[in-house]
Every structure is written in structure tokens, then in C-alpha cells.
Amino acid sequence: MSPADAVSHLTPERWERANRLLIRKALAEFAHERLITPEETGAGSYAVRSDDGLTRYRFTAVRRALDHWQVDADSIVRHRGDEELPLAALDFFIELQKSLGLSDEILPVYLEEISSTLSGTCYKLAKPRVTSAELARSDDFQAVESGMTEGHPCFVANNGRLGFGVHEYLAYAPETASPVKLVWLAAHRSRAAFTAGAGIEYESFLHGELGEETVERFHGVLRGQGLDPADYLLVPVHPWQWWNKLSVTFAAEVARRHLVCLGEGDDEYLAQQSIRTFFNTSHPEKHYVKTALSVLNMGFMRGLSAAYMEATPAINDWLAQLIENDPVLRSTGLTIIRERAAVGYRHLEYEQATDRYSPYRKMLAALWRESPVSSLEDGETLATMASLVHVDYEGKSFAGALIERSGLAPAEWLRRYLRAYYVPLLHSFYAYDLVYMPHGENVILVLEDGVVRRAVYKDIAEEIAVMDPDAVLPPEVSRIRVEVPDDQKLLSVFTDVFDCFFRFLAANLATEGVLDEDGFWRTVAEVTREYQASVPELADKFAQYDVFAPEFALSCLNRLQLRNNRQMVDLADPSGALQLVGTLKNPLAGL
């Protein structure tokens with residue numbers, strides 16, 4: 001590909017559209033988070049002024065439950081005095097820098113993330129148009145995965161991926177659906193560790209993933225350098241990480257043969273929505289591989305900590321056992337795809353020079369996560385839950401298309417989805433003080449003819465937490481115990497589920513005329529009460545943490561990223577960084 005061809009998606013028309021869409025989202029989400037206060041200028045018409053008061057953004061919007069601003073992208077106009085100016089996202093953030101709390105240090109990096117997000121949108125606009133109805137009829141899990149166009153529904157700068165050049169974007173971004181072969185390294189056992197779940201042993205596991213022939217080829221590379229394969233562990237590496245980080249930043253390790261590059265594996269993979277996780281397309285029943293990737297994206301450097309990886313399989317086994325032993329969770333069909341094995345490499349000198357937050361400690365680790373494919377029954381298909389809030393170029397949602405395909409009444413379709421996804425979250429919280437990070441990318445839905453049959457949770461070890469400081473946990477699992485103030489515990493449902501997912505799903509279905517908002521939230525309330533009635537022994541917990549409370553604290557995600565776009569939160573203290581601004585009226589109150 002020529003240098004010019006690599007940017008062929010960046011045309012004036014697509015750039016204008018991408019900027020309009022991003023400013024639409026910025027106006028909506030920043031108004032929701034009360035960073036800006038749109039002034040009402042007429043029925044459904046609003047205006048937002050720049051910090052100096054001289055530039056005006058005018059638009060129309062529908063305001064929905066949970067203070068959701070549904071802004072009409074085509075209505076947005078920008079004026080400075082009497083002059084109409086083109087919509088330009090970078091100008092928007094500069095004009096509202098003080099309102100948004102962007103420091104002089106953060107602003108240029110945030111603008112770079114916005115530029116990257118806009119470029120990605122242009123690429124998606126250049127792809128062949130696929131309707132939500134076509135995606136809903138597809139049985140191809142990865143076609144749905146790569147068909148997503150928006151990313152996280154709340155974050156405005158949600159496709160930063162700082163570190164990728166355009167050629168690497170085209171090779172590794174999930175929406176490009178480019179096949180990837182992983183690079184494999186041999187890591188000396190003196191600095192590397194492999195941990196695995198019950199019943200898994202290193203040699204047989206690696207042979208199963210790589211095949212005898214590939215393992216022998218890799219061992220031959222080691223023997224050819226006079227090295228003993230028994231002294232090494234094999235580690236899969238994102239190609240970007242090898243070329244841009246490890247081959248340079250870990251040069252001493254390579255020179256001293258603590259690390260040996262073995263070359264590419266044989267299997268082809270596709271990047272998932274999380275960028276650093278790969279699905280094996282050569283053998284879909286084999287494990288996903290999650291790799292370290294020192295790219296800045298949506299508030300975090302996407303590395304993987306070698307120290308963190310050691311407890312990963314044990315945490316997954318613990319949760320799988322808990323689900324298996326709980327009749328309520330079992331009855332919902334909930335499963336997890338376990339992170340079955342992990343490998344991490346510790347660079348001793350960088351560890352001496354840094355604290356536990358440092359990206360230098362997160363450059364070389366990997367884990368293997370079960371594939372959901374092998375658990376499917378005849379007629380079942382898979383889709384990332386992020387797809388439910390996907391809207392195509394015609395304004396039609398994937399959720400609406402699934403409902404149409406199912407032939408069910410919209411409220412009944414929603415009820416089945418809630419029983420599969422939402423009830424397990426409620427029960428885990430009330431019965432075990434256990435919470436997940438259950439956003440769209442962390443959940444896979446099992447579908448049959450458009451109907452949600454069950455949910456599969458993933459990304460377990462880094463994301464789950466037990467909020468009871470007195471919980472009795474096995475020592476190897478103890479790191480998931482966190483202390484959260486009582487009045488913030490239920491935000492795991494209010495924020496993560498209601499505000500960050502249901503808010504968008506309800507608005508999309510209402511806009512299409514599929515199911516009005518009252519019908520949506522009434523169904524959520526009914527499913528909640530059905531669950532509560534099924535476990536009367538938890539009545540005290542339901543009263544203590546009232547999901548029908550009149551209001552709840554507004555926890556703001558963009559405020560986190562605008563304040564610190566390199567390390568939004570400490571996973572060991574998830575409540576410590578929360579940006580709470582006022583309250584939202586609970587749509588379940590009074591239902």
C-alpha cells in the first residue's frame with residue numbers, strides 16, 4: 001500500500017461528517033455530565049456558548065430519561081458573531097477548554113485522541129454499508145464484531161489508540177477486520193511465570209494451542225542458538241508490541257537471550273473491540289489471546305501486568321465455581337469464558353525504577369481466554385452486547401433488527417434479554433456483594449433467531465470486585481476484595497448498567513418507535529421485582545440497597561478522561577476516582 005492509499009479514507013466529505021457526529025456526541029454527553037449547560041432557545045432548540053461567549057453552537061435535541069440528550073446531528077450549526085463557521089471538533093474542544101476542565105497539559109494529547117477517533121470514523125464511513133437488519137440475520141460472530149461503528153457509547157474520545165500509525169491502524173483495528181498472526185517469544189523462566197486454572201498443565205496446553213509442529217519449530221530456533229527449550233516459556237505477543245516496544249525497550253533482554261524471538265505462529269486471528277484481544281479464526285474453538293499493548297486508548301495504557309496475571313486463572317476458577325453452585329445464576333443460563341492460563345515477564349530493572357502503575361511493568365504478558373464457540377448448541381449464534389446499541393447509517397438499531405427477526409413483542413424480547421444479562425448482575429450484587437464491569441464489550445450474547453438465550457461474561461480477573469471487606473476469599477483471590485462506601489455500592493448497577501447502557505438502548509428503541517421509554521423501564525422494573533420475589537431471603541439487602549430509590553448519584557466517565565487520560569482510575573480502588581456530580585432521577589422509582 002502506498003503512503004497516499006493509506007489515507008484514502010480521509011476525504012473532505014467524510015471528515016465533515018465525522019466531525020459533525022463527534023460534536024453531536026460531545027454536546028449530548030457533556031450536557032449529560034453537566035460540563036456544559038445548553039440554553040433553551042425554543043421548543044426543543046438549544047445553544048451552547050464557547051468559554052469567551054463569542055461562538056455559539058445551536059442544535060435541536062430530545063431530552064429523555066436519565067437526562068439523556070438525543071441531539072440531532074444535522075441540526076448543529078456554529079456561529080461566531082453573524083458568520084457561520086464549519087463544524088470542527090478540534091476547535092470545539094479549544095473553545096470550551098475551561099468548561100471541560102482540560103488542563104494545558106492534557107489538552108493537546110486529548111486533541112490527538114480526538115483526531116484519531118475522527119480518522120477511525122472516516123474509515124468506517126468508507127466501508128461498504130451494512131444495515132442492522134443484515135447484521136441481525138448474520139450468523140458470523142466476527143462480522144458483527146467488526147461491524148460496530150461507535151465504540152463506547154459514553155466516551156467522546158473512544159478510539160484514541162495513540163501509538164498506532166495509519167498502517168498499523170489498518171492492520172490491527174477491529175473494524176478493519178485484517179487477519180493477524182501473533183509473534184511468539186521464548187521468555188527465560190528466571191524472569192517469567194506461567195499460571196493456569198485447575199487441570200491445566202503448561203506443555204499440553206501450549207501444544208494444544210500451537211500444534212506439535214509449531215512447538216517443535218520454535219524449540220528448534222532455541223536449540224539453534226545453543227539454548228535449552230526447557231529453560232523457557234513461550235509468550236504470544238501483539239505484532240505492534242514487538243516492533244515498537246519490546247525489540248527496542250527490552251533490547252537488553254533480547255541481547256542477553258532472556259527473550260528470544262521465535263517468529264510468527266501459524267494461526268490467524270482477528271482483533272476484538274478491545275483491540276488487544278484476538279479471536280482465532282483458523283480454529284474458532286481455540287482460546288482467545290489477550291496481549292499487552294502499550295497504546296493509549298480511552299483513559300488507559302493498554303498493557304498487561306505480569307504481576308497481575310499470576311492470580312488471573314485462580315480468580316476465574318473461583319467465579320466459575322460460584323456460578324455453578326448458585327441455583328439462581330444457573331437458572332439464568334449465565335456462563336463466563338474463563339481466563340484459563342496466563343504468562344507474564346518481569347523486567348527486573350524497570351521494576352526497580354518504577355511504581356506499580358507504571359506502563360513499563362505492563363509490556364510483556366498474555367492470557368488465554370476460553371472461546372464461547374464450543375459451547376454453542378444447534379441454531380445458536382453469538383454477538384457482542386455492544387451491538388445492541390449499534391445504529392446503522394439509516395438510523396436503524398441492531399437491537400430493533402433483532403426484535404423484528406425474533407417475531408416477539410418488543411417488551412417480551414427485552415424481558416428475555418434482561419433475564420439473561422441483568423438478573424445475574426442483580427443477584428451477584430445482592431447475594432455476594434460481587435460486581436462486574438458489564439459494559440457492552442465485556443458481555444457476549446447467545447442468540448437464537450434474534451432472541452437472547454443467555455449471556456456470557458468475560459474480562460473477569462481485571463474487572464470483578466467483591467465489595468464486602470469481611471468476605472472470606474481464598475488467598476489467591478483476595479485481590480478482588482475492595483472497600484467501597486455503602487452509598488456508592490449500588491452505582492455498579494445504576495451507573496454501569498442503567499446510565500452507561502440501558503440509557504442508550506432505551507433511547508434508540510424509542511426513537512425507532514419499537515418500544516417507548518415507559519415500556520422499557522416498566523419492563524426493567526417488572527423483571528427486577530420478579531427476581532426479588534424469587535429470593536425473599538435477601539429482602540433486607542433489597543431494602544438496604546434500594547434499586548427503586550428516587551434518585552442516584554451521577555457518575556461521570558468523560559470527566560475522568562478529561563482530567564487524566566493516561567490513568568483514569570486505580571482498579572484496586574475503583575471508587576476513589578469517581579467524579580460524582582449531582583443526581584439523576586431513577587427511571588425505576590415509583591414503578
Side-chain angles (χ1 to χ4, degrees), residues 9 14 17-18 21 25 73 120-153 158-159 173-179 269-275 277-279 281 284 288 371-373 376-408 410 413-414 416-417 420-421 439-456 458 501-502 504-515 520:
H9 59 289
R14 292 187 195 118
R17 188 64 188 164
L21 292 172
K25 185 173 187 180
T121 301
C122 287
Y123 179 86
K124 294 165 191 172
L125 290 171
K127 290 174 69 175
R129 290 180 162 188
V130 180
T131 66
S132 287
E134 289 171 314
L135 277 181
R137 289 193 297 271
S138 171
D139 292 337
D140 186 345
F141 178 28
Q142 293 307 294
V144 176
E145 187 79 23
S146 62
M148 299 301 95
T149 55
E150 179 46 48
H152 196 292
N158 63 14
N159 280 308
E175 59 267 22
T176 66
S178 301
Y269 293 81
L270 281 181
Q272 302 297 281
Q273 288 288 309
S274 61
I275 332 175
T277 301
F278 291 97
F279 178 85
T281 54
Y288 287 93
S371 167
V373 171
L376 293 180
E377 297 179 6
D378 287 348
E380 291 184 334
T381 60
L382 300 167
T384 174
M385 195 178 82
S387 63
L388 292 191
V389 293
H390 168 74
V391 177
D392 68 15
Y393 64 96
E394 295 177 334
K396 302 292 188 182
S397 74
F398 184 74
L402 288 177
I403 291 170
E404 187 173 346
R405 181 182 174 185
S406 75
L408 296 175
W413 183 93
L414 178 62
R416 297 191 190 193
Y417 159 64
Y421 163 67
H439 56 65
E441 195 279 316
N442 271 357
V443 180
I444 296 171
L445 300 177
V446 179
L447 306 166
E448 186 174 8
D449 296 325
V451 181
V452 179
R453 292 298 184 202
R454 50 195 171 87
V456 182
K458 67 184 183 72
F501 201 80
F502 287 177
F504 299 92
L505 180 58
N508 289 347
L509 294 177
T511 300
E512 290 184 87
V514 174
L515 180 64
F520 183 97

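What you see below is based on every heavy atom in this structure, not just the backbone, and it leaves out hydrogens, waters and symmetry mates. Fair warning: this is a prediction, and the values are worked out from it, not measured in the lab.
- Between the side chains of E175 and N159, not a single donor N or O lies within less than 3.5 Å of an accepting N or O.
- Counting all heavy atoms, side chain and backbone alike, V514 lies closest to P410 at O-CG, 3.3 Å.
- Panel note: side chain W413, backbone G400; no donor-acceptor pair is recorded below 3.5 Å.
- At least one side-chain heavy atom of Y288 sits less than 4.5 Å from a side-chain heavy atom of Q272.
- Distance alone, capped at 3.5 Å, is enough to place a donor-acceptor pair between the R14 side chain and the H9 backbone.
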#### Entry: R453/E377 under salt bridge (charged side-chain N to carboxylate O under 4.0 Å, His left out): CA gap, chis, key distance, verdict
CA-CA 11 Å; R453 292 298 184 202; E377 297 179 6; over 6 Å; no
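- Between the side chain of S387 and the main chain of A383, no donor-acceptor pair closer than 3.5 Å is present.
- In this structure, the separation between OG on S178 and CG on L270 is 8.0 Å, given to the nearest 0.5 Å.
- Here the closest non-hydrogen pair linking S146 and P174 is CB-O, 3.4 Å.
- Here the closest non-hydrogen pair linking M385 and Y417 is SD-OH, 3.3 Å.
- Remark: side-chain polar atoms of N158 are paired, donor with acceptor, to backbone N or O of E150 under 3.5 angstrom.
- Between the side chains of T384 and Q273, not a single donor N or O lies within less than 3.5 Å of an accepting N or O.
- Considering OG1 of T381 and CG of D139, their distance stands at 5.5 Å, rounded to 0.5 Å.
- Using a 4.5 Å cut-off on side-chain heavy atoms (C-beta onward), L447 and L402 make contact.
- In this structure, L376 CG and F141 CZ are separated by 9.0 Å, a value rounded to the nearest 0.5 Å.
- Proximity of L135 to H390: side-chain heavy atoms (C-beta onward) are separated by under 4.5 Å at one or more points.
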### Query
Are K458 and E441 close enough, and set up right, to give a salt bridge (charged side-chain N to carboxylate O under 4.0 Å, His left out), and what steps lead you there?
CA-CA 9 Å; K458 67 184 183 72; E441 195 279 316; 2.8 Å; yes
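- Residues L382 and V373 form a side-chain contact, since some pair of their non-hydrogen atoms from C-beta on lies under 4.5 Å apart.
- Electrostatic pairing of R454 and E380 counts as a salt bridge here, judged by a charged N lying under 4.0 Å from a carboxylate O.
- Rounding to the nearest 0.5 angstrom, the gap separating the OG1 atom in T176 from the OH atom in Y123 is 5.0 Å.
- Contact of the F398 side chain with the N508 side chain is not registered, since no non-hydrogen atoms from C-beta on lie closer than 4.5 Å.
- Considering only heavy atoms from C-beta on, S397 comes within 4.5 Å of L509 through its side chain.
- Donor-acceptor pairing under 3.5 Å is recorded for the side chains of S274 and T277.
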### Full working for side-chain contact (heavy atoms from CB on, under 4.5 Å) between T131 and Y393
CA-CA 7 Å; T131 66; Y393 64 96; 3.7 Å; yes
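- Between F502 and F520, the ring center distance clears the sub-6.0 Å criterion.
- The shortest side-chain heavy-atom distance between L408 and R416 falls under the 4.5 Å cut-off.
- Contact check for P179 versus Y269: no side-chain heavy atoms found under the 4.5 Å cut-off.
- Here L388 contributes atom CG and S132 contributes atom OG; the two are 10.5 Å apart, rounded to the nearest 0.5 Å.
- Between S406 atom OG and D449 atom CG the span is 9.0 Å, to the nearest 0.5 Å.
- Heavy atoms of other residues, nucleotides or ligands lying less than 6.0 angstrom from NZ of K124 number more than 12.
- Nearest heavy atoms, A18 versus L125: N-CD1, 4.1 Å.
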